[in-house]
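Notes for the one structure printed next.
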Amino acid sequence: MSVQTSRRQFLVGSGALAIGFTLAGPATSAAAAAAASNGLVRVEAVGAPANTTQSWLVLTKKGITVYSGKVELGTGVQTALAQMVVEELRLGVADVDWVQGDTLLSVSQGGTTGSKSIQNGGIQLQQAAATAFQELSHRAAAHFKVTPDQLVAQDGRFSLATRSGHSSGHTVTYKDLLKSGVTVLPLDQTVPLMAANKYVVVGTNVPRVDLPAKMDATFRFLHDVTVPGMLHGRVVRPTGRNSTQPVISNLDRAKAIEGFVDVVQHDRFIGVVATSEWAASVAASPKSGISVSWTTGPKMIAQADLPAAVRDPANHYRSVVEIDDGVAPILATADQVLNSQYFSPFHMHGGMGASTAVADVRRAPDPATGIQATIWSGTQNVTALAGAIAPLLGLAPAAVRVIYVEASGCYGHNGADDCAADAAVLSQAVGKPVRVQWTRQDEHAWEPLGGAQAHDMQGAVGPDGIIAWSHLNYAPTANSRPVDGTPGTLLAGTLMGKLPAPLPSSSVDSSGRNAPVTYDFPQRVEARLLKSFVTTGPTSAAPASPLTYLIPRTTALRSLGGFSNSFANESFFDELAHAGGHDPLELRIASLPDPRAVAVCEALRDVWRTRPPGGDGTGAGVAFHQYEVVNAYVATYAEVRVDPDTGKVTVTRVVVAHDCGLIVNPDGLRNQIEGNVVQGVGRTLKEEVFYTDDRVTSVAWQTSSFNPGPQYEVLRFNEVPAIETILINHTDKPPLGAGEPAIGTIGGAIGNAIFAAIGKRIRTLPFTPDRVKAALTG
Amino acid sequence: MASRKILLNGKRVAAEYQAIGSGDSETSEALLYWLRERFGQQGPRFGCGVSQCGACTVLLDDVPIRSCTRQLHTVDDNAEIRTLDGLSGKRPHPLQREFVELQAGQCAFCANGMIMGSLGWIEGRITAGNHEVPSEAEIEDFLSGATPNGQGNYICRCGTHTRIVAAIRSAAKEMVR
């Protein structure tokens, strides 16, 4: 395996930011990789054991290596995080080496989730860099026999400051200072960070460090990882979600395939291993290899029944009142009260690349490191994955090393972790490294999904605006991420008879994200939590054995409940505004107490005032939300054209006003917002998982003779609107995540624009031609 | 085992391929797997395996094809195959350069398809005597599989569409000269 090294300009400054990927592969043994993290200045976790192999930051005479627990998921965060690190080290634009998401080498920063890599992870890395910088400045002070405050640092050099604060010309390089000895430091939270007004790298459009290699095919994606002696595996899934008692036949036919190695079965987990991917695919195909017959299991709730079933108390395990400002008396007595029901379907992540993993599970642990299983995965959380896989393999957690390698964009918890477990189980069974690449049908049918949600909205409006608001949110929770010590959180684990973790006790950080609004009127928010599987009692959150799914497995998909909740909230806000005779944008501005929230809405005033008049098949709408109620602020304007004959909605223009505090990389931020818009438009107009009471039936991107019936359609190039972004930068505020705040505003803005265009309120996603046509003629 | 010799990015190469059955019932290794496993090509990527996303696109005798469903026994000996891996000369191809210049990627797993697909499409237009720079709408339709004789839809899931279209148009201005 090649280790890509970039041209190094470490400690020299003035170069383009480049990152050397020191991806630890089999060529580098675990022991060697751990030894390589010894450095001249090394920052490790507070309270780390003396023999820890995990670091935050290591400086050697050869270069600087950042050990990031937050990983690059294809969002450009690696570039932005590197900007923050080199800034704090006063390196100017400089090169760094980058190790990300390695349970052996990097300090755990939790999952790379929830748009927190800059907001939380970046601050931690800055603090690590500041810790290292303080050590360097102490060394420089000793070198010049002065105090640190008499020094200035720039581009990897310290200089004696003149009285005016400028460099005197006497300099010493970091490289020279590093020669003076070895220092290992715990990350020091008390070291002050650089003042934002001194930034020279943060806030600039540093180009993405990864894109050149991605465009000339020298970038190594997870899908390109190979290890010596590696075999290829395919998993043969049950026909239905609850199918049981598999019977394998045609084994001889599979055995006759050149390159066939083995069939592995553990209860309902069945896999085929071969020497090439093609041979594995042929051996796993019922047309040419093994055939597996299954007994149909208990029925799930069918898709068509879900809008009613999700509201049925018999299917809830819990009901949680999250906010109640005492709205009942107001709603009971108000003159104008509206009630509306909203619904959005299951959505999938649908990563471009099918989930892939390579696992090398040995018969015995490595004597030097104790590691017995090494897994290369695109997981969002190497630590949790290692903790969930270890008991599945019967190993201690410390014996499992998970190494993150970038896969295609995931937009949340997709099939990456499940695929890693597949590879690990197969590798353990055959005693050789195994690569598993899911088929598209595996991905579409079995990846954990973003949950469907239903919303009962009630609100009262008067001449001065909205006076009371109630949101009753019915939804499954996001509950399928790998959990340390719980192998049943992995798909392979459930197929092997392990039970998943109990369902969460609230909708917070799950389907309840952005269920509350940040307007100043009184509100009530209640969550009714839908059972994902049969539990041990009416109000029990614990899975009954054997596991019986009631709905497809649900998990975190970009913004979690934020997409559906804000669709319902912002559509209903529009309904109340129109009912009360208020301008929808001005009523939002008048109802928002936070000046930053007001500012993003006001940023849309010009475009709003020149919007199409509506009523003639074209129209415009706005929506606002503050991500997670306390993070980035987003206001979105959308224009649509509705074809009166077909009902087809075309989104022609989207303008997003966005405030995520300090902007680290403006162009990277715009790229993320544009992605939110496109994916949001797709989820609003087209995307929907189709399933029966037995299985997911949308298993490809479009309908074909092989996959008849509706499939999982995503937005096409000629359906993408013109996108404009208005960035509001606050250099004096902390940076907030931007990976998913904007997507939540898209459904509401489009729904409101459709209302303006045709005078019909459509409350169920997606806004397909059939649904819009029905509204037009209804 | 049968074998195939091709011209891969200008070099003559040969390798065996796996197949079962014969005649009309013959099934053989997908060109995608063959290029990746036997020749280490990383540009063409497995996205869907059913010719619906474009991530596996390569040029076969200058025509963009979906290598995930193209079986080796249907590829002629001496066929010329071009992949993203071989696109750069001493300098990046204009398409590669403009994709970087306009930051037309997020995860960029799909970029192979857009680059190789539009490469074949634009070169094909030029060969047919059309030196017009394609409009944004033409590029969007090509990438949506809406062009007559087009090669199907190209999917980008991150939502980098507007930048990708701008990058292709910018590169096309140079390519048609």
Side-chain angles (χ1 to χ4, degrees), chain A residues 73-76 207-208 210-212 214-221 223-224 257-259 276-279 282 288 349-354 356 406-409 411 437 439-441 667-668 671-672 674-679 682 700-702 704 706-707 714-720 722-723, chain B residues 1 17-18 20-21 27-30 33-34 36-37 41-43 45-50 52-53 55 83-88 92 95-97 99-100 103-112 115 137 139-146 153-165:
Chain A
L73 299 172
T75 61
R208 288 268 298 263
D210 52 338
L211 286 187
K214 284 176 170 176
M215 298 309 167
D216 69 10
T218 56
F219 186 87
R220 194 192 66 158
F221 280 101
H223 305 70
D224 304 317
I257 294 164
E258 191 175 351
S276 73
E277 187 162 4
W278 187 78
V282 173
S288 48
H349 307 78
M352 273 299 295
T356 294
E406 187 179 339
S408 64
Y411 328 109
Q437 178 165 271
T439 64
R440 180 49 47 188
Q441 292 80 1
D667 189 59
N671 208 345
Q672 279 303 294
E674 289 160 12
N676 270 270
V677 170
V678 173
Q679 212 173 69
W701 295 116
Q702 61 192 67
S704 71
F706 301 105
N707 295 300
V714 297
L715 210 64
R716 297 191 179 208
F717 273 85
N718 58 10
E719 298 170 321
V720 170
I723 304 168
Chain B
M1 203 183 277
Y17 67 88
Q18 287 183 281
I20 52 172
T27 305
S28 64
E29 200 170 327
Y33 297 155
W34 194 70
R36 290 182 63 89
E37 290 181 25
Q41 301 296 291
Q42 332 194 121
R45 288 160 197 149
F46 181 89
C48 68
V50 287
Q52 293 186 354
C53 77
T83 68
L84 183 63
D85 304 66
L87 186 57
S88 300
L95 281 162
Q96 294 171 305
R97 193 190 62 226
F99 268 66
V100 173
Q103 298 283 287
Q106 290 184 43
C107 83
F109 194 89
C110 66
N112 172 73
I115 292 175
I139 295 168
E140 287 164 1
D141 279 346
F142 169 72
L143 294 173
S144 302
N153 187 36
Y154 291 83
I155 294 175
C156 162
R157 187 64 175 142
C158 292
T160 325
H161 298 64
T162 55
R163 289 168 184 249
I164 290 169
V165 171

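First the proteins, then the strands, lettered A, B, ... as listed; each starts at 1. Keep in mind that this is a model prediction, so the values were computed, not measured.
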| message | Using the rule given for side chain to side chain contact (heavy atoms under 4.5 Å, CB included), can you reason through Ser288(A) versus Ile20(B), listing the C-alpha separation, both sets of side-chain angles and the distance that settles it, and then say yes or no? | response | CA-CA 9 Å; Ser288(A) 48; Ile20(B) 52 172; 4.0 Å; yes
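- Between Asn112(B) atom CG and Met215(A) atom CE the span is 10.5 Å, to the nearest 0.5 Å.
- Side-chain contact between Phe717(A) and Ile164(B) is present, with at least one heavy-atom pair separated by less than 4.5 Å.
- Contact annotation for Leu87(B): neither backbone nor side-chain heavy atoms come within less than 4.5 Å of a heavy atom of chain A.
- Counting heavy-atom pairs under 4.5 Å between each of Thr439(A), Asp667(A), Val720(A) and chain B puts Asp667(A) at the top.
- You'll find the side chain of Trp278(A) stays beyond 4.5 Å of the side chain of Glu37(B), heavy atoms only.
- Heavy atoms closer than 4.5 Å to chain B are found nowhere in Ile257(A), neither backbone nor side chain.
- Only the side chain of Val282(A) comes within less than 4.5 Å of a heavy atom in chain B; its backbone stays farther off.
- The two residues Arg45(B) and Ala217(A) have their closest heavy-atom pair at NH2-CA, 4.2 Å.
- If you measure heavy-atom distances from Arg157(B) to chain A, the contacts under 4.5 Å come from both the backbone and the side chain.
- Residue Thr83(B): no heavy atom, backbone or side chain, is found under 4.5 Å from chain A.
- There is no contact between Phe706(A) and chain B, counting heavy-atom distances below 4.5 Å.
- A donor-acceptor contact shorter than 3.5 Å is absent between the side chain of Ser408(A) and the backbone of Phe109(B).
- The residue among Glu258(A), Glu674(A), Glu277(A) with the most heavy atom pairs within less than 4.5 Å of chain B is Glu277(A).
- Options Glu29(B), Arg97(B), Gln41(B) differ in how many heavy-atom pairs under 4.5 Å they form with chain A, and the most are formed by Glu29(B).
- Contact annotation for Phe46(B): both backbone and side-chain heavy atoms come within less than 4.5 Å of a heavy atom of chain A.
- Between Met352(A) and Cys110(B), the shortest heavy-atom distance links the atoms CE-CB, 3.6 Å.
- With a threshold of 4.5 angstrom between heavy atoms, Glu719(A) does not approach chain B through any atom at all.
- Nearest heavy atoms, Cys158(B) versus Gly409(A): SG-CA, 4.5 Å.
- What you find for Ala104(B) and Leu211(A) is that their closest heavy atoms are N-CD1, 4.4 Å.
- In this structure, the side chains of Ser704(A) and Val50(B) stay at 4.5 Å or more apart for every pair of heavy atoms.
- Note: Asn718(A) leads Ile723(A), Val678(A), Asn718(A) in heavy-atom pairs under 4.5 Å with chain B.
- In summary, Asp224(A) and Arg36(B) engage in a salt bridge, as defined by a charged side-chain N under 4.0 Å from a carboxylate O.
- In terms of heavy atoms, Leu715(A) sits closest to His161(B) at O-NE2, 3.9 Å.
- Proximity of a side-chain donor or acceptor of Gln103(B) to a complementary backbone N or O of Gly668(A) within less than 3.5 Å is not detected.
- The side-chain heavy atoms of Gln106(B) and Asn671(A), taken from C-beta on, include a pair separated by under 4.5 Å.
- For chain B, the nearby part of Gln437(A) is the side chain; its heavy atoms alone come within less than 4.5 Å.
- Most heavy-atom pairs under 4.5 Å with chain A, from the set Gly105(B), Ala111(B), Cys156(B): that is Gly105(B).
- When heavy atoms are compared at a cutoff of 4.5 Å, Ala722(A) does not approach chain B at all.
- A side-chain donor-acceptor contact under 3.5 Å links Ser276(A) and Gln18(B).
- Contact detail for Ala108(B) and Lys214(A): the closest heavy-atom pair is CB-CD, 3.6 Å.
- Counting heavy-atom pairs closer than 4.5 Å to chain A, the top-ranked of the candidates Ile155(B), Asp85(B), Thr162(B) is Ile155(B).
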